[in-house]
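Written out below as structure tokens is the structure these notes cover.
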Amino acid sequence: MDNKNSYLYNFKGHYLQRQFAKIEILEAIEDFEIRDDDVFIITYPKSGTFWTQQILSLIYFEGHRNRTENITTALRAPFVEYNNHNVDHSKRPSPRFFTSHLQYNLVPKGLKNQKAKVLYVYRNPKDILVSFFYFTNWLAILKPSDTLDHFMEKFLDGKVEANCWFDHIRGWYERRNDFNIMFMCYEDMKKDLRSSVLKICKFLAKSLSEEDLDSVVRQAEFQNMKCDPLANYKNIIKYKVGIRNDEGNFLRKGTIGDWKHHLTVAQNERFDRIFKRNMRDFPLKFIWDINEE
Ligand code: PPS
């Protein structure tokens, strides 16, 4: 992989958004000092990253839950590979939350002491493909594609941020014993948000009153997040990053199975063939349809 792409930055074989990638930040990640109570949200793009940031922020910060503090979820759980806000992580109070789209071999090595927690959120890749297609065509700093077919080629080739979806999830899953990790499925969160929040609380050893739990679930629901400027980055993206049109939204559909409205029969069959070949014997289940059990 060369480094001539004007939209993607290649760091040790991993693609990042060129606009925000800084070599000194990337090189410092490996030795980044990890605390035992740190929590890392790890996702492939478009898998529910900001949703999970919102859930953790609501679980942990009373001021976020009762809306007395005006801190975006991006600042509650900043990306480790993009320090856009120049945060000095060593000065942040514990527990610290981080977010990352990095592959398993590029995260801080201190995460492997198996104390700090990793929450890996995954989503069915056909919905990721569609979400990613709309996102890259919306954001001015990402390379647009004329057609879904064109974007699908890039996605399957791993010529997008965070590279190939298959490698990302397989890598993290195969190395799961190196980390204190829990895998969560976007679709399970969508189908039963309350149980998913409870599952996250259990993993983080955090208990909430019934009233607080209700409040977390309510404020993490799609429609409520969409209206919440601290959780929906539409305007931040519009004014600080730049967009190509006004129709897009960071919280676009937030559903399961939207791919059915976008993929042709031929594209779907091709995707299925490639999925089967790459995910043979892979034990995590994927939910492709809202009505699937
Ligand atoms: S990014 O840019 O990679 O960090 O994007 P990411 O946050 O991972 O994923 C964006 C998709 O997540 C959907 N989303 C939600 N779905 C359901 N419920 C809630 N509360 C929610 N919040 C975000 C968001 O709408 C994007 O999916 P699509 O399919 O494009 O709507």
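Along the sequence shown, residues carry numbers from 1. Remember, it's 1-based here, ligands and their atoms both numbered in the order they're listed. Remember, predicted model here, so these are calculated numbers, not experimental data.
The protein non-hydrogen atom at the shortest distance from atom 20 (N) of ligand 1 is Ala220 O, 3.0 Å. Summary of contacts: the protein heavy atom closest to atom 24 (C) of ligand 1 is Phe250 O, 3.7 Å. The protein heavy atom nearest to atom 8 (O) of ligand 1 is Thr49 OG1, 2.4 Å.
Taking each of Met225, Lys226, His101, Lys46 in turn, the one with a heavy atom nearest to atom 10 (C) of ligand 1 proves to be Lys46. Of the candidates Tyr186, Phe50, Phe135, the one placing a heavy atom closest to atom 14 (N) of ligand 1 is Tyr186. The option from Arg123, Gln223, Gln54, Arg252 that lies nearest to atom 27 (O) of ligand 1, judged by heavy atoms, is Arg123.
Aromatic rings from His262 and Phe151 are positioned such that their centres are separated by 6.0 Å or more. Ring centroid separation for the pair Phe275 and Phe286 comes in under the 6.0 Å cut-off.
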Would Ser57 and Gln53 count as a side chain to side chain donor-acceptor pair (under 3.5 Å) if you check the C-alpha gap in whole Å, the side-chain angles of each, and the deciding distance to 0.1 Å? CA-CA 6 Å; Ser57 304; Gln53 288 182 340; over 6 Å; no
Full working for ring-ring contact (aromatic ring centres under 6.0 Å, His included) between Trp172 and Phe40: CA-CA 13 Å; Trp172 273 100; Phe40 276 66; 9.0 Å; no
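Of the N or O atoms in Lys190, none lie within a sub-3.5 Å distance of an N or O in ligand 1. Checking only distances, Thr255 never comes within under 3.5 Å of ligand 1, N or O to N or O. Between Leu251 and ligand 1, a contact under 3.5 Å exists for no N or O pair. Between Thr43 and ligand 1, no pair of N/O atoms sits closer than 3.5 Å.
Taking both residues in full, the closest heavy atoms of Arg35 and Arg96 are given as NH1-CD, 3.3 Å, listed atom of the first, atom of the second, then distance. Contact record, Met225 with Phe50: CE-O, 3.8 Å, taken as the closest heavy-atom pair.
The contact set between ligand 1 and Ser131, taken as ligand atoms under 4.0 Å from a residue heavy atom, comprises 26 (C), 27 (O), 28 (P), 29 (O), 30 (O). Of all the atoms in ligand 1, the ones that sit under 4.0 Å from a non-hydrogen atom of Pro45 are 3 (O).
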Only pairs under 3.5 Å count here: list side-chain donor-acceptor contacts from residues 101-110, not counting sequence neighbours, and write none if there are none.
unit_1 : atom_1 : unit_2 : atom_2 : d
His101 : ND1    : Thr43  : O      : 2.9
His101 : ND1    : Thr43  : OG1    : 3.1
Gln103 : NE2    : His14  : ND1    : 2.7
Lys109 : NZ     : Asp31  : OD1    : 2.1

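Every residue two or more places apart in sequence or in another chain that forms a side chain to side chain contact (heavy atoms under 4.5 Å, CB included) with Asn137 is listed here: Phe133, Pro144, Ser145.
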